[in-house]
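Values below: every heavy atom of this structure, side chains too, minus hydrogens, waters and symmetry copies. Quick note on labels: first sequence line is chain A, next is B, and so on, each numbered from 1.
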Amino acid sequence: MVRPNEEVEALLQEYADLVLITGGDAFKARAYEKAARAVGGYHADVSRLDAKGLQEIPNVGRSIAEKVTEYLRTGRMPAVEDVRSKIPPGVRELMGIPTLGPKKAMLLYQDLHISSVPQLLDAIHQERLRDLKGFGPKTEENILHGIALMQAAGDRVPLNVAMEVAEDIVAELSAITGCERCTYAGSLRRMRETIGDVDILVAARGSGPFMAAFTRLPGTAEVIARGEKKTSIRTAKGLQVDLRVVPPDSWGAGLQYFTGSRPHNIRTREMAVHHKLKLSEYGLFHAKSGRKVVSRTEEEVYARLGLPWIPPTLREDRGEVAAGLRGELPELIQEADIRGDLHTHTDLTDGLAPLEEMVEAAARRGLRYYAITDHAPNLSMQRMTDEKVLAQRERVRELDGKHRKMRLLHGTELNIDADGSVDWPPEFLAGFDLCVASVHSHFNQGRDALTRRLVTACEHPEVNIIGHPTTRIIGKRPALDMDLDAVFAACARTGTALEINSHPDRLDLCDDHILRAKRYGVKFAVNTDAHAPLHLANLRYGVGTAQRGWLTAEDVINTWPLDRLRRFLRKDALARA
DNA sequence: GCCGTTTTCGGCCCGACTGTTTTCAGTCG
């Protein structure tokens, strides 16, 4: 059900973690990490490759290729199973807590026999960590904070994980005879940033074959409930999926109901009552007679309530019903509106693919322009230099024009330093077509310093886009503590766009912040931050997030024609007017 | 364990921050 590349990636990453936990060679662990990343980002399906083909993947050599081949043949990787038998899975889980790495996790296990998050919480409350070497009061505090952060994300999974599961199931069920309609609903259809469980809806006259097929899917680990109208399963990874089969005539009402959100549904049902009607998942009915009015399509249901069809990404009871009544729903940005990607990497820094491959993949996606923005020198681990970036620029200029329909831009992703300054002097930066600037360090500066820092970056004449503006990692790192309103105002004033980073672990800015920023007149850039050709497909999640922030194509600079975009990139107040 | 304008061993992502220690180990990007 999950792409084999991702299965293998997870397995190799797990092995890398276990090597570190057991105190193995750090370089070996890094080799597995690099291989895991490369497999995850590789364009071809690894299950169709032999050992030789696997070794074509960067950072996959003979040893790893053999392990992968064996796994694909037998479903097992003995090397991983070996270490697993020595280290309980909970120990690795501890590494998921920020500030807890392999060494501390192993110490907790060896000295205190802790192998789960609840056990760790107990131990902290019993003050059993106090005598542990290297653990002080501050460490305890950080661990507690980290656990709270993890628990806030709860059992929800990232948007892309749920999406892949849902699309597989929809494809399977759609192929069954008698399936008139099939799609996913719920928070996934609304493109929420994390998903609690997946809702699948089928329109068909009989439910039997669908329920049967659903429980027999390869990814089904457990059948939670099985009935005529609804069946629930849990996947091997613990994600719950509900299947509901409705009569074809109820499709629209069912889809509306199961898409939610609950507050949106309450709002629409109130409107129904107001019209002396009753709205349920089966249709819109006359309250008194019980006679059905409409139910076949969502459009009909909304229309009978006096509303235009409301896009799922707006159905959060954030004023969409009132706006619909006034005929003022925004014309939401669509994925097809995006003409270019303005934040991408190559293997010159931490990307996985060479420039040519990234450009090729972008052209295949039908983009009209594409910016290469590798990391700048101050992110020292990436070892960028003036020479390297200038050599890259020459290659970009050579490649530009090879694709008749797509132009190339040469940019960079700068680091916003603690004081708001960035890599390279202005005269060097002027040589780039555009500059993204992002925070990569000093996350805990304090609110005032962080605010000043971001505002200073906006005021830089060569900084065009603030990359992943809050630097949050969903479920792992909170957003920077800063005065967002001051930053939004600075963006609007200086002609600096805010990025909507499409990576499913980031989705940064998030929908709430987008809504706020838009009121200041800020412009946005929906970028993938791709580190591999496959990541270019994450754009849909960024566009979904932009829709949840009520954005139109006009609000987003990379929907604009290139000449208009170039004027914006000059940061010239006159050009913006 | 991978890689090679160094061809079979020796280097591999480097520096900063944090909290602990009292000179440094662990974690992170």
Side-chain angles (χ1 to χ4, degrees), chain A residues 8 11-39 51 54-68 77 79-80 83 92 94-108 110 129-146 149 345 347-352 374-385 388 413-419 423 438-446 449 467-468 471-473 476-478 480 501 503 505-506 508 529 531:
Chain A
V8 172
L11 216 52
L12 294 175
Q13 181 61 52
E14 179 181 355
Y15 191 64
D17 287 346
L18 291 172
V19 167
L20 284 175
I21 290 175
T22 51
D25 179 10
F27 288 115
K28 179 175 163 182
R30 177 143 330 139
Y32 275 94
E33 256 169 44
K34 276 156 70 173
R37 246 164 53 84
V39 167
L54 287 168
Q55 285 186 65
E56 304 269 304
I57 304 174
N59 304 309
V60 175
R62 203 162 58 88
S63 169
I64 292 182
E66 268 172 25
K67 290 189 173 79
V68 173
M77 202 180 282
V80 179
V83 231
R92 179 168 177 250
L94 296 179
M95 282 177 67
I97 302 167
T99 73
L100 266 195
K103 293 289 184 304
K104 285 204 166 87
M106 192 56 179
L107 201 65
L108 287 168
Q110 279 183 326
L129 264 57
R130 297 286 164 90
D131 326 319
L132 220 52
K133 190 165 178 281
F135 285 71
K138 196 73 188 168
T139 308
E140 270 184 16
E141 201 181 296
N142 286 339
I143 292 174
L144 286 173
H145 184 71
L149 211 61
H345 296 272
D347 62 2
L348 184 62
T349 56
D350 59 351
L352 293 161
D374 269 312
H375 287 289
N378 292 358
L379 202 63
S380 51
M381 62 180 171
Q382 304 300 350
R383 298 182 149 184
M384 179 56 96
T385 63
K388 279 190 190 169
E413 183 184 11
L414 301 166
N415 306 286
I416 305 177
D417 223 329
D419 61 359
D423 321 55
S438 319
V439 170
H440 292 117
S441 61
H442 306 90
F443 301 112
N444 297 316
Q445 266 185 318
H468 43 75
T471 77
R472 71 151 177 186
I473 308 284
K476 191 125 201 197
R477 186 169 68 205
L480 295 175
N501 189 296
H503 195 292
D505 292 340
R506 289 193 184 269
D508 180 13
D529 197 359
H531 285 66

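Atom CG of A:L20 and atom P of B:dC12 are 18 Å apart (whole Å). When the C1' atom of B:dC2 is taken as reference, atom NZ of A:K28 falls 13 Å away, rounded to whole Å. What separates OH of A:Y32 from P of B:dC3 is a distance of 12 Å, to the nearest Å. Separating the CG atom of A:D25 from the C1' atom of B:dC2 is a distance of 11 Å, rounded to the nearest angstrom. If you take CG of A:L12 and P of B:dG1, they are 12 Å apart, rounded to a whole angstrom. The distance from atom CZ of A:R37 to atom C1' of B:dC13 is 12 Å, rounded to the nearest whole Å. Distance A:E33 CD to B:dC12 C1': 13 Å, rounded to the nearest Å.
With both ends at atom P, the span from B:dG1 to B:dT7 equals 23 Å, rounded to whole Å. Here the separation of B:dT5 from B:dC13, taken at their P atoms, is 16 Å to the nearest Å. Across B:dT20 and B:dA16, the matching P atoms stand 22 Å from one another, rounded to whole Å. Of the C1' atoms belonging to B:dG11 and B:dT6, the separation is 10 Å, rounded to the nearest Å. Taking atom P on both B:dG15 and B:dC9, the two are 29 Å apart, rounded to the nearest angstrom. With C1' as the reference atom, B:dT23 and B:dC17 are 16 Å apart, rounded to whole Å. Rounded to a whole angstrom, the distance from the C1' atom of B:dT8 to that of B:dC2 is 13 Å.
A:I473 contributes atom CD1, which lies 6.5 Å from atom CG of A:D505 (distance to the nearest 0.5 angstrom). The OG atom of A:S441 sits 6.0 Å away from the CG atom of A:D417 when rounded to the nearest 0.5 Å.
Side-chain atoms of A:T99 and A:N142 form no donor-acceptor pair, as typed in the model, at a separation below 3.5 Å. A side-chain donor-acceptor contact under 3.5 Å links A:H440 and A:N415.
Shown here, B:dT18 is classed anti by the O4'-C1'-N9-C4 or O4'-C1'-N1-C2 angle, which is more than 90° from 0.
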Review item, side-chain donor-acceptor pairs of residues 58-66 of chain A, under 3.5 Å, at least two apart:
| unit_1 | atom_1 | unit_2 | atom_2 | d |
| --- | --- | --- | --- | --- |
| A:S63 | OG | A:K67 | NZ | 3.2 |

Which nucleotides of nucleotides 16-29 of chain B have their base under 4.0 Å from a protein heavy atom (B), which only their sugar-phosphate (S), and which neither (-), written as one string 5' to 3'?
-S-SS-----SSSB

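Of the candidates A:V19, A:L12, A:L20, A:E33 forms a side-chain contact (heavy atoms from CB on, under 4.5 Å) with just one, namely A:L20.
Using a 30° and 60° split on the angle between ring planes, A:H375 and A:H531 fall in the tilted class, from 30° to 60°.
Within the shown strands, B:dC24 is the pairing partner of B:dG19 under the Watson-Crick or G-U definition, both distances less than 3.5 Å.
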